[in-house]
**Student:** 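The structure follows.
Just so it is clear, the values below take in all heavy atoms, side chains as well, and ignore hydrogens, waters and symmetry mates. Protein chains get the first letters and strands the later ones, always in sequence-line order, with residue 1 at the start of each.
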Amino acid sequence: MGMTMVQKILARAAGVPSVKVGDVVEPKVDLAMSHENGALVINQFNEIYQGTGIEAKVWDPSRIAIIFDHRVPAESSKTATNQKKIREFIAKQGITKFHDIRGDEGGICHQILPENGYVRPGTVLVGTDSHTTSHGALGAFSFGIGATEMASVWALGKVLNVEVPGTIKVVVNGALPKYVEPKDIILHLIGRLTAEGANYKVIEFHGETIRNMSTSGRLVICNMTVEAGATSGIVPPDKETVRYLKQEAGVKQVPELFGPDADAQYEQVIEIDASRLEPQIAFPHTVDNVKPVSAARGIKVQQIVIGSCTNGRLDDLAIAANILKGKKVAKGVRMLVFPASTRIYQQALKKGYLATFMQAGAVVMNSGCGPCLGVHQGALADGDKALATTNRNFKGRMGNPNAEVYLSSAATAAASAITGEITDPRTLTTKAVKSGPVKRKTGNVKRVKKGRK
Amino acid sequence: MAKAVLKLGDDISTDIIYPGRYMATVLPTETPQFAFIDNAEFNKKLKAKEVPAGSWIVAGKNFGCGSSREQAASCLTGWGLKVIAKNFARIFLQNSINVGLYMVICPAIEADEGDELEVVNGKVKNITKGKEFDTVPLPKARQAIIDAGGLIPYTRALITGGRK
Ligand code: SF4
């Protein structure tokens, strides 16, 4: 019987010829990622060794990545002290893939890993962050785990007792209309699946829309699969993956690619016609509360956030800058922009996007998670409504349980910044923006011809 | 036998159980003070020690969805709370097993705050309502970790028994 993409990866990583759903395996880990919650991992890791007389040494310091992003620069002395402890541990253990608070190589973990070539197709990646699902965009089996689980991985180099998950196949065909983005595809899918519709499962993406999408867009889609409960999302690697790895991530030797077997078994197949999608909005307070933008028209917002591991990449900034060029952020709206990494920040600076944002009245912030998790850099007031390109709108998520967070693409967020209310970017652009649609970053990505199903 | 002290709906996220703004606090000994802190009334009761250890939280589907933060599990074990839910989100379920939170998966559970609940022979008995509900066993793959008392002792046994 054929295997899905993730079954094949797990079989390889566990050193067995094949696996089926429900089998229990202990896959070797190729990369283990943590951020500030590394402080807890270190605590649990040391506890494992307590009283054993064995020195607490990580299994392979070159396979551990630690990125400071959730609280950068530190918002409190407590965080600063945690970060200091992590730095000391990194130095002692000889961990090499460390991204501190810096303007040359910092950023959000889910952008740092791909852009530095740490993610390879066909490998197993775990992270102490639920959006570790992102890296399935490059054909890895990549999933989130807790801190104690990570401590065990640091000790053993493998994940214990993993049950082989079932797979849902999602096929996306059709050309995305202008100003309808990968974010709108995944929001639409989450709305259909519900917040637990893919619980314990993997979502494998197929179809011409995905094939023609840049890695940047695929990262958006895989990032949010966890919002449907999925263990991970994955895109079988292809030409675009190789292009990204070589051109953007500086990888010299790309491993041999493999995809799922033609006769792989899927638990469910879902088809999406991208050509019929409108921009989508996730209403408060659950991510699966998704409606087309037309249902949100006129909702006044006080804060716009463009950024996060979902939509803080160069193509997001490009489309937003294009919409905002020569325009002003509405009075009474605070617009905050967080480039996902300092590399993207520098690219956006060169291309003039950041100047456009500032001239429009937006505040350009440092690379990092920003207010996404509600710690700092843009908390909401009681009664505020925010429209954000982030991935979660749970009660309290942006720092205040008495506020509301709506989620959208960067195009919808930028259009809404101008009007001060949730706005379909397509209606705004016909009269307001003269320049044409922004080409997505990847030069060799073709737009699918309209009219095909 | 113990009382249900908090009844919750579906999709209770880790942001509700343990808001992100308290994530700089990591140690299991320190996290309990922030359990359900945005539910001021319940959090106050916990801190006033008005909720006996062993009390139940009863929740709907997808309890613990969202972030991978382990604080959401350790803040509950700190008060000795137990959770019955229709089902649990994946990472939360694993974290809870790893840190030894007592959990019961009970898809048809009916219980209100104040009801007396008991788990006997794989069934949840609601003594107050005089009803019984089937439970779903926790993932078999994780049973060995539960039996060892959590992932730390389990991994410790592996490394001391010869590191592989
Ligand atoms: S940007 Fe938000 S969702 Fe992404 S890693 Fe940071 S806190 Fe998590």
**Student:** So which part of Thr14(B) gets closer than 4.5 Å to some heavy atom of chain A, the side chain, the backbone, both or neither?
**Tutor:**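 Looking at Thr14(B), nothing touches chain A.
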**Student:** Can you say whether Gln44(A) sits under 4.5 Å from chain B via the side chain, the backbone, both, or neither, judging by heavy atoms?
**Tutor:**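 The answer is both parts of Gln44(A).
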**Student:** Heavy-atom cut-off 4.5 Å, strictly under: side chain, backbone, both or neither for Tyr154(B) against chain A?
**Tutor:**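 Contact with chain A involves the side chain of Tyr154(B) alone.
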**Student:** Can you find a pair of side-chain heavy atoms, one from Leu101(B) and one from Phe88(B), that are under 4.5 Å apart?
**Tutor:**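 No, their side chains stay 4.5 Å or more apart.
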**Student:** Report the option among Ala147(A), Ala230(A), Gly157(A) that has the most heavy-atom pairs separated by less than 4.5 Å from atoms of chain B.
**Tutor:**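 The candidate making the most pairs under 4.5 Å is Ala147(A).
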**Student:** Among Asn82(A), Asp288(A), Thr81(A), which has the most heavy-atom pairs under 4.5 Å with chain B?
**Tutor:**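 Maximum pair count with chain B is reached by Asn82(A).
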**Student:** Heavy-atom pairs under 4.5 Å with chain B: which of Thr231(A), Thr194(A), Val226(A) has the most?
**Tutor:**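 Sorted descending by pairs with chain B, the first entry is Thr231(A).
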**Student:** Taking the side chain as everything from C-beta on, heavy atoms only, tell me whether Leu81(B) gets closer than 4.5 Å to Leu6(B).
**Tutor:**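 No, too far: nothing below the 4.5 Å cut-off.
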**Student:** What residue, out of Ser68(B), Ala89(B), Ala73(B), has the most heavy-atom pairs lying under 4.5 Å from chain A?
**Tutor:**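 Most heavy-atom pairs under 4.5 Å with chain A: Ser68(B).
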**Student:** Sort Pro28(B) into side chain, backbone, both or neither according to what part of it lies under 4.5 angstrom from a heavy atom of chain A.
**Tutor:**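 It is the side chain, since no backbone atom gets that close.
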**Student:** Whether the side chain of Asn43(B) engages the backbone of Ala40(B) through a donor-acceptor N/O pair (distance < 3.5 Å, no angle test) should be reported.
**Tutor:**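 No, Asn43(B) side chain to Ala40(B) backbone: no donor-acceptor pair under 3.5 Å.
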**Student:** I'd like to verify something: which residue of His70(A), His376(A), Glu47(A) has the highest number of heavy-atom pairs under 4.5 Å with chain B?
**Tutor:**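 Ranked by contacts with chain B, first place is Glu47(A).
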**Student:** Who pairs with Glu163(A) by side chain to side chain donor-acceptor pair (under 3.5 Å), at least two apart in sequence or on another chain?
**Tutor:**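 Applying side chain to side chain donor-acceptor pair (under 3.5 Å) to Glu163(A) gives none.
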**Student:** Taking the side chain as C-beta and beyond, is there a heavy-atom pair between Val26(B) and Thr31(B) under 4.5 Å?
**Tutor:**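 The answer is no, as the side chains (C-beta and beyond) never meet within the 4.5 Å cut-off.
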**Student:** Does any heavy atom of chain A fall under 4.5 Å from the side chain of Ile152(B), the backbone, both, or neither of them?
**Tutor:**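 Both parts, heavy atoms under 4.5 Å.
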**Student:** Return the option, out of Asn402(A), Val162(A), Val287(A), Ile145(A), with the maximum number of heavy-atom pairs under 4.5 Å with chain B.
**Tutor:**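 Most heavy-atom pairs within the cutoff with chain B belong to Ile145(A).
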**Student:** Could you tell me the separation between the OG atom of Ser34(A) and the CD1 atom of Ile86(A), rounded to the nearest 0.5 Å?
**Tutor:**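 If I round to the nearest 0.5 Å, the distance is 8.5 Å.
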**Student:** Which region of Asp10(B), side chain (C-beta onward) or backbone (N, CA, C, O), has a non-hydrogen atom less than 4.5 Å from a non-hydrogen atom of chain A, or is it both or neither?
**Tutor:**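 It is neither, since no heavy atom gets under 4.5 Å.
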**Student:** When only pairs under 4.5 Å are counted, which of Asn37(A), Leu373(A), Val24(A), Thr148(A) shares the most heavy-atom pairs with chain B?
**Tutor:**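 Greatest number of close heavy-atom pairs with chain B: Thr148(A).
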**Student:** Pick from Pro19(B), Gly20(B), Gly66(B): which one has the most heavy-atom pairs with chain A under 4.5 Å?
**Tutor:**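 Max contact count across the listed options: Gly66(B).
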**Student:** Pro139(B) versus chain A, heavy atoms under 4.5 Å apart: side chain, backbone, both or neither?
**Tutor:**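 Both parts, backbone and side chain.
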**Student:** To the nearest 0.5 Å, how far apart are CZ in Arg69(B) and SG in Cys75(B)?
**Tutor:**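 Here the rounded value is 10.0 Å.
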**Student:** Would you say the ring centers of Trp154(A) and Phe89(A) fall short of 6.0 Å from each other?
**Tutor:**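 Centroid distance Trp154(A)-Phe89(A): below 6.0 Å, so yes.
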**Student:** With a 4.5 angstrom heavy-atom cut-off, is it the side chain or the backbone of Arg397(A) that approaches chain B, or both, or neither?
**Tutor:**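 Contact with chain B involves both backbone and side-chain atoms of Arg397(A).
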**Student:** Which distance, rounded to the nearest 0.5 Å, do you find between the CG of Leu160(A) and the CD of Glu149(A)?
**Tutor:**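 If we round to the nearest 0.5 Å, Leu160(A):CG and Glu149(A):CD are 7.0 Å apart.
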**Student:** Side chain, backbone, both or neither: which part of Ala151(A) has an atom under 4.5 Å from a heavy atom of chain B?
**Tutor:**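 The answer is neither part of Ala151(A).
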**Student:** Do you know which of Arg90(B), Lys61(B), Arg21(B) has the most heavy-atom pairs under 4.5 Å to chain A?
**Tutor:**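 Option with the greatest count: Arg90(B).
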**Student:** CD of Glu132(B) to CD1 of Ile127(B): how many Å apart, nearest 0.5 Å?
**Tutor:**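 CD1 of Ile127(B) is found 10.0 Å from CD of Glu132(B).
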**Student:** Sequence neighbours left out, what passes side chain to side chain donor-acceptor pair (under 3.5 Å) with Gln7(A)? Give chain and number order.
**Tutor:**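 Not a single residue meets the side chain to side chain donor-acceptor pair (under 3.5 Å) criterion with Gln7(A).
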